[in-house]
Amino acid sequence: MKKRYDLIIIGGGVTGCALAWYFSHYDFEIALLEKEMDVCCGVSKANTGIFHSRSYWTPDTLKGELHLRSLSWFPRAKKELDLPVRECGALTVALSAADIGHLREVKARGRCPEAEIMGPIEARKREPNLNKNLKAAYYDPGTVVVSPFQLVCSLAECAALNGVEFHFDQHVRGFDQTSKYIRVLTPENNWEAAFVITAAGLFSSEIARYSRDKISDIRPCRGEYFVLDRDCDGFVNRVLYPAPRERSKGILVCPTPEGNVLAGPNFEPLDRFDSSTTYFGLEEVEKGAHRLTPHIPLHKNIRNFSGLRPTLPDRDFHIFFSNTYPNLLHLVGIESPGLTAAFGIAEYVGEKLHNKGLTLREKNDFRFRKAFPVFREADWKTREALIREDPDWGEIICRCEEVTVAEVKHALRTPPGASTLDGLKRRIRTTAGRCQGSFCLMSIPRLMSEIGNVPYGNMYKEGRKSPLFAGETREECSRSEYAEKGSC
Ligand SMILES: Cc1cc2nc3c(=O)[nH]c(=O)nc-3n(C[C@H](O)[C@H](O)[C@H](O)COP(=O)(O)OP(=O)(O)OC[C@H]3O[C@@H](n4cnc5c(N)ncnc54)[C@H](O)[C@@H]3O)c2cc1C
């Protein structure tokens, strides 16, 4: 295995993968090191997935500047990544006379010519399930919703396609300096690079301290959610924000690109990294969602989850070179809107490294990613053609999301391929539907073993701490044997 690169990126969340994608446009050797078994295992897997429009930027902050920069990158990224998005727009809802002042502030901040403040009748024409008692709403067509899973995985896929190496199970524990390179230390390997970037989310302060750089502790702020079944698609067609609060954008109701509806998140500062969902947190979310849409069908909830915002006391991003290792750049406090700002962060970091001497020579053979077909979304004619081409398209293993064996194969084999149950979920939505895996879990381990060559004893839900099997009870049986006998 090669261990020396021009650039090493630490962390495979949206920030690290956006950096990998951005730098893969240029002619040098890059590795991304991630402590988990896959990309998108940290903050980036549990958020709302809103690509916030300029109405929601925060003036006089670095995160605001990078948010705005990122917006102009979005069309290019969408094209290069072949990324499915829901360009739905948003309504920010005033439920009191005082809230109307907030709407005016948001409008003035956004300076978006197509955005407008409208009265209750017009707002309810657009969103009939809005609270009847609303006083006004601010409509902004610029808000876009993405699947955070799809965004991170497609960034990683495109970066891999363009030569970036992904190394998992690489927990960075320290740094060292050789005469020319920074040495990155993991328990079993020493890696070297001319430039190193850390993008470690909740652990970003900790990793900065490995290089003896001083920065405040990350304070996790939890946000909890309800995920409603896909048959609620259409209950809301736009993101519904409450009038903005000081600490966060408030509890909102939001459609997803896949057709689920999300309600959340609340904002709860914690003194530990605890991503459990709680009775009180969900009760708060329920109240917030009911204020916007009193009839929201929360009984159609298929899952709850929570995410932790990696916040610093000043609530801003901190991007700075190490005092100990001059070519080591730390990214700390990448909280909301980190997903939106990811492309802007990548461009900004590119400029910083360029000013430090990294030559950015653009490749002339950069390859765009082409999304694999999604059987669930295909019409009957396309489905027939796919099955004729490869019978694996005719074998559905997840009934809720209609995922086929062909899609599982692609997700396991396309670098950086899935190696866990959740890795498959993030790429192709197995276990993400109404039954939450009751059906597809019967076939996935066999497919992971046969197609992905993952031994049963080495199968995990999320990471090394969540093995799928406790031990062997009887001999394993192959797919063909199973089909022949009907049982094993
Ligand atoms: C509740 C909630 C809602 C949000 N909603 C939105 C939204 O709608 N829109 C938006 O723009 N933003 C939103 N955000 C913010 C956004 O999710 C984050 O800013 C973003 O995901 C941060 O990504 P990251 O890559 O920096 O961190 P992560 O995704 O946490 O990635 C860091 C990675 O580094 C790895 N790592 C850590 N330490 C080490 C180590 N020592 N060695 C190797 N690897 C390591 C971790 O395993 C992890 O994979 C939300 C956040 C939360 C919590």
Side-chain angles (χ1 to χ4, degrees), residues 8-20 32-53 56-57 63 66-67 70-71 74 90 143-149 151-152 155-156 166-175 184-187 191 196-210 218 220-225 239 241 248-252 254 256 262 264-268 270 273 275 281 285 305-311 317 319 330-346 462-463:
I8 285 180
I9 297 161
I10 300 166
V14 70
T15 311
C17 291
L19 288 162
L32 185 147
L33 308 181
E34 165 58 54
K35 71 179 168 65
E36 301 297 334
M37 295 175 70
D38 196 0
V39 294
C40 205
C41 291
V43 185
S44 304
K45 75 171 181 192
N47 56 64
T48 326
I50 301 177
F51 209 80
H52 297 289
S53 76
Y56 274 97
W57 78 289
K63 69 179 177 184
L66 302 185
H67 176 168
S70 213
L71 295 181
F74 191 66
T143 303
V144 174
V145 179
V146 300
S147 150
F149 299 163
L151 174 61
V152 180
L155 283 164
F166 286 77
H167 298 282
F168 297 110
D169 284 327
Q170 299 299 324
H171 196 149
V172 174
R173 304 256 186 217
F175 302 97
V184 179
L185 312 173
T186 61
W191 309 81
V196 176
I197 307 168
T198 71
L202 288 163
F203 304 95
S204 51
S205 289
E206 183 183 307
I207 214 166
R209 280 198 283 274
Y210 295 163
I218 288 287
C221 292
R222 180 162 60 191
E224 299 183 37
Y225 292 87
V239 176
Y241 294 104
S248 76
K249 295 180 184 66
I251 293 166
L252 43 93
C254 171
T256 70
L262 290 182
N266 57 340
F267 187 96
E268 185 191 4
L270 299 177
F273 294 162
S275 58
V285 171
F305 69 90
S306 82
L308 300 175
R309 303 168 182 88
T311 65
F317 298 171
I319 299 182
H330 292 300
L331 276 63
V332 186
I334 310 299
E335 57 148 311
S336 193
L339 190 101
T340 312
F343 310 120
I345 293 175
E462 161 87 79

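We count ligands from 1, going down the list as the structure has it; atoms in each ligand are counted the same way.
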Give the minimum heavy-atom separation between [X] and [Y], together with the two atoms involved.
{"X": "Ser70", "Y": "Ala342", "result": "OG-N, 3.7 Å"}
{"X": "Val14", "Y": "Gly338", "result": "CG1-O, 4.2 Å"}
{"X": "Asn266", "Y": "Glu224", "result": "OD1-N, 2.7 Å"}
{"X": "Pro148", "Y": "Asn47", "result": "CG-OD1, 3.2 Å"}

In the protein, what heavy atom is nearest to [atom], and what distance, to one decimal place, separates them?
{"atom": "atom 51 (C) of ligand 1", "result": "Asn47 CB, 3.8 Å"}
{"atom": "atom 47 (O) of ligand 1", "result": "Glu34 OE2, 2.6 Å"}
{"atom": "atom 39 (C) of ligand 1", "result": "Lys35 CD, 3.8 Å"}
{"atom": "atom 19 (O) of ligand 1", "result": "Ile334 O, 2.7 Å"}
{"atom": "atom 21 (O) of ligand 1", "result": "Ser44 OG, 2.9 Å"}
{"atom": "atom 31 (O) of ligand 1", "result": "Gly13 CA, 3.4 Å"}
{"atom": "atom 30 (O) of ligand 1", "result": "Val43 N, 2.8 Å"}
{"atom": "atom 25 (O) of ligand 1", "result": "Thr15 N, 3.0 Å"}

Hey, are [Y] and [X] close enough side-chain-wise for a donor-acceptor pair under 3.5 Å?
{"X": "Tyr56", "Y": "Thr143", "answer": "no"}
{"X": "Glu335", "Y": "Thr311", "answer": "no"}
{"X": "His330", "Y": "Thr198", "answer": "yes"}

Can you check whether [X] reaches [Y] side chain to side chain, under 4.5 Å on heavy atoms?
{"X": "Trp191", "Y": "Leu33", "answer": "yes"}
{"X": "Leu339", "Y": "Val146", "answer": "yes"}
{"X": "Phe317", "Y": "Pro337", "answer": "yes"}

Check each heavy atom of [X] against ligand 1 and say whether those closer than 4.0 Å belong to the side chain, the backbone, both or neither.
{"X": "Tyr225", "value": "side chain"}
{"X": "Ile207", "value": "side chain"}
{"X": "Leu331", "value": "neither"}
{"X": "Arg309", "value": "both"}
{"X": "Gln170", "value": "backbone"}
{"X": "Ala199", "value": "backbone"}
{"X": "Glu335", "value": "backbone"}

Fill in the blank from the handout: Check: of Leu339, Val172, Ile50, min heavy-atom distance to atom 41 (N) of ligand 1 comes from Val172
Can you name the atoms of ligand 1, numbered from 1 with element, that are less than 4.0 Å from a heavy atom of [X]?
{"X": "Thr340", "answer": "9 (N), 10 (C), 11 (O)"}
{"X": "Gly49", "answer": "8 (O)"}
{"X": "Glu36", "answer": "47 (O)"}
{"X": "Gly338", "answer": "11 (O), 12 (N), 15 (C), 19 (O)"}
{"X": "Gly42", "answer": "29 (O), 30 (O), 49 (O)"}
{"X": "Gly11", "answer": "33 (C), 34 (O), 35 (C)"}
{"X": "Thr48", "answer": "3 (C), 4 (C), 5 (N), 8 (O)"}
{"X": "Pro337", "answer": "10 (C), 11 (O), 12 (N)"}

Exercise for the section: Measure up the Phe203 and Phe273 rings against each other and bin them: parallel (under 30°), tilted (30 to 60°), perpendicular (over 60°). Expected result: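 Perpendicular.
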Handout entry: Nitrogen or oxygen of Gly307 less than 3.5 angstrom from that of ligand 1
Key = no
Exercise for the section: Without swapping roles, check the side chain of Ser275 against the backbone of Gly307 for a donor-acceptor pair under 3.5 Å. Expected result: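 Such a contact is absent between Ser275 side chain and Gly307 backbone.
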Exercise for the section: Would you confirm whether Arg309, through its side chain, and Cys221, through its main-chain N or O, come within 3.5 Å as a donor-acceptor pair? Expected result: yes
Practice task
Could you go through the side chain to side chain contact (heavy atoms under 4.5 Å, CB included) check for Tyr241 and His52 one step at a time?
Solution key: CA-CA 11 Å; Tyr241 294 104; His52 297 289; 2.8 Å; yes
Handout entry: Member of Gln170, Arg173, His167 meeting the side-chain hydrogen bond (donor to acceptor under 3.5 Å, both in side chains) criterion with Thr186
Key = Gln170
